[in-house]
J.: 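What follows is a single structure, and I will ask about it in a moment.
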Amino acid sequence: MPDHKAEKETMNFLEEMIDKEIHSGKIKNESLLTRFPPEPNGYLHLGHASSICLNFGIAKRFGGKTNLRFDDTNPVTEDTEYVDSIKADIRWLGFEWANEFYASDYFETLYEFAIKLIHAGLAYVDDSTAEEIASMKGTPTESGKNSPFRNRSVEENIQLFESMRKGEFKEGEKTLRAKIDMAAPNMHLRDPLMYRIKHAHHHRTGDKWCIYPMYDFAHGQSDSIENITHSICTLEFEVHKPLYNWFIEKLNIYPSRQFEFARRNISYTVMSKRKLLQLVNEKIVDGWDDPRMPTISGVRRRGYTPESIRNFAEVAGISRRENVTDFNLLESCLREHLNKIAVRTMAVINPLKVVLLNYEEHKTEILKAENNPEATEKTYRDIAFSREIFIEQDDFMEHASEGFFRLSIGGMVRLKHAYIIKCENVVKNSDGTIKEIHCTYFPESKSGQDKSGIKVKSVIHWVNAANAVTAEVRLYDKLFTVEAPDAQNEDFKKFINPASLQIFSNAKIEPNMLNYEKDERFQFLRLGYFVEDKYSTSQKRIYNRAVTLKDDWVKEQKKQHK
RNA sequence: UGUCCGAUGGUGUAAAGGUAACACUGCAGAUUUUGGUUCUGCCUUUCUAGGUUCGAAUCCUAGUCGGACAACCA
């Protein structure tokens with residue numbers, strides 16, 4: 001299917017720059033190569049989705065390619081579980097990489113690069129402890145001090161570095177550092193660490209290595225090895241750029257170039273792997289794919305579509321300024337897509353039994369219901385109608401308040417696809433709660449052939465009692481109660497919304513819904529868009545609400561309560 | 001009191017020295033057998049001060065405010 005959004009007319013600042021480079025002949029379309037470089041230590045989130053859309057989008061737009069490269073240089077935190085989830089998420093978003101690489105593929109080359117720098121007198125083995133190195137580093141406003149080991153001979157450095165590789169030292173005992181300038185105003189140039197000792201098992205290289213390169217000594221060189229033309233990363237790496245370029249220059253290897261953009265933040269959520277991991281580990285949510293999580297697997301389980309997320313990335317755009325994008329924009333993108341594709345069905349979350357006093361007992365008639373009024377080709381389904389039905393508790397008030405258009409004693413509403421009914425009286429339990437309501441229906445008001453002449457203010461959804469299927473429905477709200485949980489001075493977990501999940505286990509749904517595939521998107525009429533949860537079974541159906549419908553009545557009520 | 005980066009409606013982004021616009025949000029209305037969709041209208045914008053120019057959101061200078069950088073993380 002053609003992606004209409006691909007033909008957008010404006011370019012973001014990176015696309016504009018690349019467009020110029022192509023027009024000036026600086027680079028060729030087919031050599032344009034970007035990369036998406038996740039570290040396999042967590043699940044991808046919506047910020048990564050933006051980056052994925054950016055990197056793959058640029059390559060696609062200009063006829064280039066994109067590599068997937070796992071930045072797996074820290075064996076302590078990384079795992080294949082994450083590798084698998086990351087690949088699944090990228091594919092689900094609709095992208096396919098040209099090559100799948102790992103920074104660990106380059107460990108041998110990187111080691112040779114290090115030897116080369118030692119020979120050039122540009123790297124040395126340091127015996128200082130982590131604390132000593134930190135204290136000699138100085139501060140942003142004070143220059144650092146040279147390490148006492150800075151002037152070891154090339155031979156000694158080579159021999160020591162080889163011993164490091166052989167595992168002759170304990171963790172933390174020695175490091176390899178670049179010899180640059182301890183007085184550099186940019187802290188990253190003050191003899192940055194290139195290698196550290198870690199006697200740890202790596203998810204790919206196993207126990208082959210006990211020294212691992214640092215990000216700065218792995219990332220740029222990996223880009224260079226792959227001939228990446230544009231290495232796009234987030235703003236916090238900007239200060240690393242001089243170092244990125246320094247290694248490439250001193251090693252005299254392919255000059256990949258780094259460009260930065262501002263990470264995507266979204267209101268009412270957090271977008272840091274560390275914090276998301278905390279929510280998972282402390283069981284505040286049901287794993288990385290909890291439908292309230294801003295992870296790709298979370299929004300997928302919630303019912304988001306890849307199209308809606310790609311569109312969100314497109315509409316939100318990119319820039320170099322700090323931002324907090326309105327959560328509404330995300331939901332708006334979802335609604336826009338789901339409105340087009342979702343199958344309309346009727347489901348009642350909080351059932352209230354209605355008995356139609358003047359409807360013949362044991363009679364069932366079959367009504368026709370449109371599956372999607374937005375579809376160009378209309379399709380219909382059959383639904384049963386009889387004397388006893390369920391309506392939503394919220395659609396009934398004994399005495400209507402101002403602005404309440406739904407059912408109340410003596411009032412009338414239309415049942416969608418069916419008849420107009422009038423509420424005659426309420427039957428209560430001994431404790432005063434409502435047991436059921438008694439109504440009458442108007443036989444001549446049948447949907448599509450209404451001759452009753454009655455005008456009602458409202459149409460409500462319902463489910464036929466006799467063949468209704470009981471299901472569980474899960475409604476979600478924002479995970480946090482404040483716009484920027486990150487930006488508060490207190491622990492972000494203090495702002496968790498205690499009502500972010502509501503479970504309704506006695507919902508009634510149309511039996512028709514059992515005929516659809518598991519990833520079908522539904523619109524429960526007037527309630528929102530839903531998808532089956534991963535735990536849903538044929539014995540127990542579970543539906544997640546992806547997003548509500550826009551609801552002016554809810555808005556009105558909120559205003560009245562203020 | 002170092003280096004670097006940034007500043008356009010409530011939010012996110014456009015406008016390549018020539019009428020500040022688009023989307024989301026909000027508000028008002030029309031249509032509607034979903035209080036949905038659709039449609040119409042409205043609210044609201046270039047951080048400050050100088051300078052260059054016929055003309056500045058855009059270029060220059062200074063200031064203000066915000067962010068990043070002192071992990072053997074990426």
Side-chain angles (χ1 to χ4, degrees), chain A residues 9-12 16 20 37-39 41 71-74 76-78 103 126 128-130 133-135 137-144 171-177 184-190 193-198 212 214-216 218-219 233-242 260 262 264 266-267 273-274 315-333 335-336 339-340 344 346 370 373-374 403-406 413-418 420 447-448 450 456-461 483 523-528 548-556:
Chain A
E9 57 300 327
T10 59
M11 293 191 208
N12 61 50
E16 214 161 278
K20 275 184 197 158
E39 184 189 10
N41 69 344
D71 232 334
D72 56 350
T73 56
N74 185 1
V76 180
T77 56
E78 295 156 6
D126 196 337
S128 307
T129 63
I133 287 175
S135 72
K137 200 137 212 172
T139 68
T141 56
E142 271 171 77
S143 63
E171 278 186 24
E173 210 175 328
K174 286 188 168 39
T175 57
L176 183 73
R177 300 178 71 181
N186 182 333
M187 301 281 298
H188 294 276
L189 261 16
R190 320 240 266 225
L193 262 60
M194 293 164 60
Y195 272 91
R196 77 286 213 192
I197 297 168
K198 276 189 193 292
Y212 291 93
M214 300 290 290
Y215 166 85
D216 286 307
H219 198 94
C233 61
T234 46
L235 246 27
E236 69 266 28
F237 291 100
E238 188 159 32
V239 280
H240 293 246
K241 185 148 69 176
E260 312 83 19
R264 169 76 43 219
I266 298 175
S267 59
K273 275 198 266 184
R274 207 195 89 243
V315 170
I318 59 150
S319 68
R320 285 175 63 88
R321 53 208 276 222
E322 299 290 322
N323 61 80
V324 182
T325 303
D326 194 337
F327 182 73
N328 284 309
L329 185 62
L330 216 212
E331 294 208 319
S332 158
C333 290
R335 287 193 189 102
E336 187 188 334
N339 178 48
K340 288 186 205 135
R344 270 62 170 176
M346 294 198 284
E370 191 176 37
E374 301 293 315
F404 184 81
F405 302 154
R406 282 105 95 151
V413 290
R414 173 176 290 284
L415 298 174
K416 179 78 179 174
H417 303 307
I420 292 174
S447 192
D450 185 355
V456 291
K457 278 189 125 170
S458 185
V459 178
I460 65 172
H461 60 275
E483 273 191 38
Q523 185 195 100
F524 291 2
L525 236 52
R526 304 206 302 132
L527 295 176
T548 61
L549 257 29
K550 270 204 267 178
D551 191 338
D552 287 340
W553 171 239
V554 168
K555 235 188 271 177
E556 185 65 30

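Letters A, B, ... mirror the listed sequences (proteins, then strands); counts begin at 1. The figures that follow rest on heavy atoms only: side chains count, while hydrogens, waters and symmetry mates do not.
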J.: Base, sugar-phosphate alone, or nothing: which one does A:Thr129 contact when heavy atoms must sit under 4.0 Å apart?
T.: base

J.: Can you check the A:Asn339 CG to B:G36 P distance for me, whole Å?
T.: 12 Å

J.: Just by modelled atom types, is the A:Phe327 backbone N or O under 3.5 Å from a matching donor or acceptor in the A:Ser267 side chain?
T.: yes

J.: Between B:A23 and B:A14, how far is it from one C1' atom to the other, in whole Å?
T.: 10 Å

J.: Using the P atom in both, what is the distance from B:A21 to B:C43, to the nearest Å?
T.: 12 Å

J.: What nucleotide, of B:C69, B:A15, B:C73, holds the atom closest to the side chain of A:His188?
T.: B:C69

J.: With C1' as the reference atom in both, quote the distance from B:G55 to B:G17 in angstrom, rounded to an integer.
T.: 8 Å

J.: Between C1' on B:U33 and CZ on A:Phe405, what's the gap in Å once rounded to a whole number?
T.: 15 Å

J.: With the side chain counted from C-beta on, respond yes when A:Arg196 and A:Asn74 share a heavy-atom pair under 4.5 Å apart, and no when they do not.
T.: yes

J.: When the nearest nucleotide of RNA chain B is assigned to A:Gln523 and to A:Glu322 on a heavy-atom basis, which residue is associated with the more 5' position?
T.: A:Gln523

J.: Taking atom types as they are modelled, is there a donor-acceptor pair under 3.5 Å from the base of B:U33 to the side chain of A:Arg414?
T.: yes

J.: Report yes if some heavy atom in the side chain of A:Thr325 is under 4.5 Å from a heavy atom in the side chain of A:Arg264; otherwise report no.
T.: yes

J.: Rounded to the nearest angstrom, tell me the gap between atom CZ in A:Phe237 and atom P in B:C73.
T.: 14 Å

J.: Under 4.0 Å from OP1 or OP2 of B:G35: is there any side-chain N or O of A:Lys555 that close?
T.: no

J.: Once Watson-Crick and G-U wobble pairs under 3.5 Å are found, how is RNA chain B written in dot-bracket notation, 5' to 3', with | for any base paired to another strand?
T.: .((((((..((((....[..)))).(((((.......)))))....(((((..]....))))))))))).....

J.: In terms of side-chain heavy atoms of A:Val459, which of B:U34, B:A16, B:G12 is nearest?
T.: B:U34

J.: Spell out, as yes or no, whether a donor-acceptor pair under 3.5 Å connects the side chain of A:Arg190 to the backbone of A:Ala184.
T.: yes

J.: State plainly whether the residues A:Lys20 and A:Glu16 are in salt-bridge range, i.e. N to O under 4.0 Å.
T.: no

J.: Do A:Asp450 and A:Ile420 have side chains that approach each other closer than 4.5 Å (heavy atoms only, starting at C-beta)?
T.: yes

J.: Could you measure between the two C1' atoms, the one in B:A20 and the one in B:U46, and give it in whole Å?
T.: 8 Å

J.: Between A:Ser319 and A:Arg196, who's closer to the 5' end of RNA chain B by nearest nucleotide?
T.: A:Ser319

J.: Look at the side chain of A:Asp216 and the backbone N and O of A:Leu193, then say whether any donor-acceptor pair between them is shorter than 3.5 Å.
T.: no

J.: Supply the atom-to-atom distance A:Thr548 OG1 to A:Glu331 CD, rounded to the nearest 0.5 angstrom.
T.: 6.0 Å

J.: Taking only the side-chain heavy atoms of A:Asn12 (C-beta and beyond), determine which of B:G36, B:C72, B:A14 contains the nearest atom.
T.: B:A14

J.: Tell whether A:Glu374 reaches the base of B:G36 with its side chain through a donor-acceptor pair below 3.5 angstrom.
T.: yes

J.: Atom CD of A:Glu260 to atom P of B:C5: distance rounded to whole Å?
T.: 10 Å

J.: Search all heavy atoms of A:Asn339 against all heavy atoms of A:Glu374 and return the closest pair with its distance.
T.: O-CG, 3.4 Å

J.: To the nearest 0.5 Å, what is the distance between NZ on A:Lys273 and OG1 on A:Thr77?
T.: 8.5 Å

J.: Tell me: CZ of A:Phe327 to C1' of B:A23, nearest whole Å?
T.: 17 Å

J.: Atom CE of A:Met11 to atom C1' of B:A15: distance rounded to whole Å?
T.: 15 Å

J.: Look at the side-chain N and O atoms of A:Lys198 and state whether any lies under 4.0 Å from the OP1 or OP2 oxygen of B:C73.
T.: yes

J.: Would you indicate, yes or no, if B:C72 has its OP1 or OP2 atom less than 4.0 angstrom from a side-chain nitrogen or oxygen of A:Lys174?
T.: no

J.: Ring stacking, A:Trp553 with base of B:G35, under 5.5 Å and under 30°?
T.: yes

J.: Under 3.5 Å between N/O atoms: give me all the protein pairs with nucleotides 1-3 of chain B, atom names plus distance.
T.:
| residue | atom | partner | partner atom | Å |
| --- | --- | --- | --- | --- |
| B:G2 | N3 | A:Pro140 | O | 3.0 |

J.: Could you state the CD-C1' distance from A:Glu556 to B:G35, rounded to the nearest angstrom?
T.: 10 Å

J.: Quantified in whole Å, what is the P atom distance between nucleotide B:G36 and nucleotide B:C24?
T.: 15 Å

J.: Check whether the side chain of A:His240 and the base of B:A74 form a donor-acceptor pair under 3.5 Å.
T.: yes

J.: Could you tell me whether A:Glu370 and A:Arg344 make a salt bridge, using a distance below 4.0 angstrom between a side-chain N and a carboxylate O?
T.: no

J.: Kindly say whether, by distance alone, the side chain of A:Arg335 makes a donor-acceptor pair under 3.5 Å with the base of B:U37?
T.: no

